[in-house]
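Notes to accompany the following structure.
Each chain gets a letter, A, B and so on, in the order the sequences are listed, and its residues count up from 1.
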Amino acid sequence: MKDSNLKSNRFKVSDYVVYISFFGIFALFSIILYDGGFLTGQNLLNITRQTAMISVMAIGTTFVLSAGEIDLSIGSIVALSALITAISLRMDLNIWIAVLAGLSTGAFIGFVNGIIITKLRVPSFLITLGMMTIVAGLARWITNLEAVPVINDTFNYIFGNGKVFGIPILLLWTVIFLVFGQIFLKKTSFGRSVLSTGGNKIASLFTGINVDKIKIAVFIISGVSASFAAILYTGRLEGARYTLGQADLLLVIAAVIIGGTRLSGGKGTCVGSVVGSLIMGMIANGLVLMNLNIALQMVFRGLIIIIAVSFSLRERKRL
Amino acid sequence: MKEPILKMLGISKSFSTVEVLHNVDFTLNIGEIHGLVGQNGAGKSTLMKILNGVEVKDSGNIIIFGKEEEYNNPIQAREKGISMIFQEFSLVSSLTVSQNIFLTRESHNFLRLLKDKESEKNTIKILKELDVENINPNEYVENLGTGPQQIVEIAKALSHEPKILIMDEPTASLSSHEIESLFIVINKLKKRGISIIFVSHYLREIFEICDRVTVLRDGNKVFEEKILNTNLKEVIAKMTGKEQDLQVSKRKRQIDRSKPPLLEINNLVVGDIVKGISFKVWHGEIFGIAGLLGSGRSEIINSIYGVYKKKKGEIIIDEKRTSINSPNDAIRAGIAIVPEDRREHGLILDFSIKDNILFSVIKKILSFIFINDKKASKITNDSINKLNIKASGFWQVVKFLSGGNQQKVVVAKSLVTDSKILLLDDPSIGIDIQAKSEIMNIINDFVESGNGVIFVSSEFDELVSFCDRILVLKKGEVDSIVDCGIEANMSEEILLEKIQ
Ligand SMILES: Nc1ncnc2c1ncn2[C@@H]1O[C@H](COP(=O)(O)OP(=O)(O)OP(=O)(O)O)[C@@H](O)[C@H]1O
Ligand SMILES: [Mg+2]
């Protein structure tokens, strides 16, 4: 109790856990994999490229968790949106129409999630769990489990393999999303309403915040960000498949929690979430470089997530 | 003179850099009721939390029965015979009354299964000692109002058979009837030899029930005296550090009731609690609603604000029929509220003072869609100064403010809006007398510029000294509307009689 009670409320060690963990893990891998190629510029850029999708989804999830809700359907949304984008491109539609089709998919699913959750007053955990299964089913059904290749080079360049001044375009997309997300969450009345709703729903209602609208909005944001991640996946892999995004849910939620967003709402930061995602990416990358087999990688990944999450939650609980 | 049961010597406590208690001494004699008073943020709750082991002191000694004791959690404190009733309740709302009282001490049968019947019996026994008959031991706490919850909290503390009982503002949300029976209980406990520390902002209560009083000011002990050797004026002077008259004198107001009213409520029905209420509030009027707990007074306020659904009834504001189905509608119609339950309805505890106040003025501080932080800080700072909120700054997180200062933030939220109708549901709970009189003055100014106030309070003297008219509410129906202006001969006693 004694020394944990904040100073000027502005500087709290617990708010910086994510950065400390980041540098800790970074240093650890740099030492262990000194000869293993971890610390090369190429590999580091690789990490940012590989985590771009997780980062984008993490930004969307930051809004949902901040509002005191959770969206478990993002992984399935990735698969469905990716397929819809790829199919649109196969139909020779304009790139931007294809992108719009992909984004609308996520927006629509998010909207439906939000409507059901606010109107029927059912916990988001259950509704989005159901939605996860429905959407995953749709993604399998839509192409009958077939993968859809994308041969449109412009699309693959803009959303996957391109570079601007030597910087991978996926990193640029992450930064754009991050800047918008952070400003939106921290500096606008919408963002403040999101945090407020998550902090105390009833008090927010009394203050005149339209709590239902806010909740619907965060599910739309979450859906759209999952769709955008899907577009990035499609561009990078030059095609879509129903398995895309399958394993991402846990990574995204872990990244956001490690980043300092509160699972129960009221507190959130997009910057933290992206750093959290980078931690996830580093771990994945480091484990691969260590030449561990897939099974062991999974075990280690799970272990590290548990350690990191409990570390960041513990610190905060004492306050 | 016997050895005191408790001596706290040289207690100091800081929260990081801010020292909130400086070298405080406090003694409690056996079987006495000892009042602890001071302004909001003076450090009363902190001192009591240290005694109860919730907070750990930085320095100083605690001597119980002549023996120095060290402990740092409430369970150890309880073993030393200390129990505390918290300012903010500590009940689990999803459990029943008796489950709460005997939480972690349930009796088991030989299979280690809980014997709920026995807890129930014991609960009934304790409640009987408290002369409380209207609380069912099997009722879930979440279904109880604030008053009954407070009683359960007291019963829970008593079930530990403490030697020292700490009560932090136990009467804040009780009706005068409940306060009376509480005082009877407290006196019974005193006769049993239990020593009681009684924290309250109602100085009248201190003089009615306490044997001695200690005054804290800004974390210093400034005064300790037998109640018989001091008086109200002296205690107030010690609390505030100045000689001053804090009586809010009733202002003389001319209310023109020939003009159309500001607010008209017609045949309002809410659930089966409010059964067809009609009244009018004119420009420049403070309209009181007096009723016992459960009479429907909070329901009236909350349905006007659009929180509760109205079964029937119309709201007319400035001659216009207004439909209000959500707080948003109410705010748009120019209505602001100070809700009854500050922690649940009024505040986002993890937010700073500024972020709590900000939404009430969101229109004024928005540039495009961005929040203008400078303007928000300025408005917040004005409120902090005006209401004398004790905080290290506008960025302080509300949950780290003292109880009374939290309430001031709730009041500030409603005052910064540009509304013309203010709904006040027990706004001065936990607020010290100086702040109370400041708030009353602000509200008087507010109505005198042509606005209206609906004022609900469980303190009838507050109602009488403040309102122009009072609606007496009985079981959800209007009993009468009494004139309470400066010429009318209203008094607390008359009102009390009417209400029963
Ligand atoms: N956990 C905490 N962290 C930081 N500051 C705190 C904490 N708890 C209390 N304080 C500060 O300590 C001071 C004393 O608070 P305390 O709750 O003891 O006041 P109080 O006398 O009980 O006031 P009230 O009459 O309003 O209940 C306040 O200024 C408050 O902001
Ligand atoms: Mg207090």
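Most heavy-atom pairs under 4.5 Å with chain B, from the set A/L195, A/I183, A/N210: that is A/L195. The candidate from A/G199, A/S189, A/G266 with the greatest count of non-hydrogen atom pairs under 4.5 Å with chain B is A/S189. When B/D355, B/N356, B/L358 are compared by the number of non-hydrogen pairs under 4.5 Å with chain A, B/D355 comes out ahead.
Side-chain contact between B/I421 and B/V453: absent, with no pair of heavy atoms (C-beta onward) separated by less than 4.5 Å.
In this structure a side-chain-to-backbone donor-acceptor pair under 3.5 Å is present from B/N405 to B/K390. Listed for the B/K310 side chain is a donor-acceptor partner under 3.5 Å among the backbone atoms of B/I324.
With a 4.5 angstrom heavy-atom cutoff, B/I371 touches chain A via backbone and side-chain atoms both. Contact annotation for B/I369: both backbone and side-chain heavy atoms come within less than 4.5 Å of a heavy atom of chain A. Using a 4.5 Å cut-off between heavy atoms, B/N72 does not touch chain A at all. Contacts between B/F351 and chain A at a heavy-atom distance below 4.5 Å involve the side chain alone, from C-beta outward. Of the atoms belonging to B/N302, it is side-chain heavy atoms, and not backbone ones, that fall under 4.5 Å from chain A. Proximity to chain B (any heavy atom under 4.5 Å) is shown, for A/F190, by neither the backbone nor the side chain. Both the backbone and the side chain of B/F359 come within contact range of chain A, judged by heavy atoms closer than 4.5 Å.
A cation-pi geometry, defined here as NZ or CZ lying under 6.0 Å from the six-membered ring centre and within 45° of its normal, holds between B/K13 and B/F15.
Between the CD1 atom of B/I317 and the CD1 atom of B/I304 there is a distance of 9.0 Å, given to the nearest 0.5 Å. The CG atom of B/N143 lies 11.0 Å from the OG atom of B/S94; values are rounded to the nearest 0.5 Å. Annotation: the span from B/F394 atom CZ to B/D373 atom CG amounts to 8.0 Å, rounded to 0.5 Å.
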